[in-house]
Amino acid sequence: MTASILVTAEDLLSGRDVTHDVVIPGDILFPALGPAGVGQERTIRLRPLTVRDIQLIAKAARDDEVLTSVLMIQRAAVEPRLKQDQVAEMHSGLVGFLVVCINRISGLSTEADEVRQMADAPIVRAFYVLAKEFHWTPEQVRALTVGQVLGYLELLNQDRPPQPAP
């Protein structure tokens, strides 16, 4: 049995000054390049958001999700420093990528959230339905083409009795 050591205030505050170098894949940073963007990755230095940052963002953005994302990036970007209007001009795929990274380094999302998002993905749900209905193994379902998956899902929908109107 190991002796538990009480955490200090310094321990609890130590993570606020840590920065994280996050590699932005080239296909996310330069989507217009298509496959030529692969290998064009760049690094951004981010810091975790503090409770004070989150309070300021929530107060400023209220229910505006886009402004929330813009302010999160603006507050978390250490290198390069970004102004709010610069972040607002980024393409949405890059903003989405950075927000996921900021949530992760700030402890605002967990692997459980990522697993839940993956389970909600339409293709994963389709694989689950096919495996359950046809008693197929994951390997058998994975071997199907997208066209086959859609075809089998359509057959399952046709076999179901019509639902009464609410």
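At a threshold of 4.5 Å between non-hydrogen side-chain atoms, the residues Ile105 and Thr19 do not count as touching. A heavy-atom distance below 4.5 Å is not found between the side chains of Arg62 and Leu67. Residues Leu46 and Val78 have side chains not in contact (no heavy-atom distance under 4.5 Å, counting atoms from C-beta outward).
Linking Ile, Leu, Val, Met, Phe, Trp and Tyr whenever their side-chain heavy atoms come within less than 4.5 Å puts Val129 and Phe134 in one cluster. Criterion: ILVMFWY side-chain heavy atoms under 4.5 Å apart, direct or through other members. Under it, Leu56 and Leu108 are not part of a common hydrophobic cluster. A continuous path of ILVMFWY side-chain contacts below 4.5 Å connects Val141 to Leu155, so both sit in one hydrophobic cluster.
In this structure, Leu71 and Ala60 approach most closely via the heavy-atom pair CD1-CB, 3.8 Å.
Residue pairs meeting the side chain to side chain donor-acceptor pair (under 3.5 Å) criterion with at least one member in residues 68-80, sequence neighbours excluded, are Asp53-Arg75. Contacts classified as side chain to side chain donor-acceptor pair (under 3.5 Å) and involving residues 28-44 (residues at least two apart or in different chains) are not found.
Qualifying side-chain contact (heavy atoms from CB on, under 4.5 Å) partners for Pro122, counting only residues two or more places apart in sequence or in other chains: none. Asp21 is linked by a salt bridge (Lys or Arg N to Asp or Glu O under 4.0 Å) to Arg45, counting only residues two or more places apart in sequence or in another chain.
For the atom pair CD of Glu133 and CG of Leu153, the computed distance is 9.5 Å after rounding to the nearest 0.5 Å. Atom NE2 of His20 sits about 13.0 Å away from atom CD1 of Ile44, to the nearest 0.5 Å.
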N/O donor-acceptor pairs under 3.5 Å from side chains in residues 29-38, not counting sequence neighbours:
none

Show me the donor-acceptor pairs within less than 3.5 Å that the side chains of residues 89-100 make with the rest of the protein, sequence neighbours left out.
residue	atom	partner	partner atom	Å
His91	ND1	Gly93	N	3.3
His91	ND1	Leu94	N	3.2
His91	NE2	Ile28	O	2.9

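Aromatic rings from Trp136 and Phe127 are positioned such that their centres are separated by 6.0 Å or more.
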Side chain to side chain contact (heavy atoms under 4.5 Å, CB included) between Ile57 and Met72, intermediate numbers included: CA-CA 7 Å; Ile57 292 167; Met72 287 174 67; 3.9 Å; yes
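Gln86 places a side-chain N or O within 3.5 Å of a backbone atom of Lys83 that can act as its donor or acceptor partner. Ser106 contributes a side-chain N or O that, together with a main-chain N or O of Leu49, makes up a donor-acceptor pair within less than 3.5 Å.
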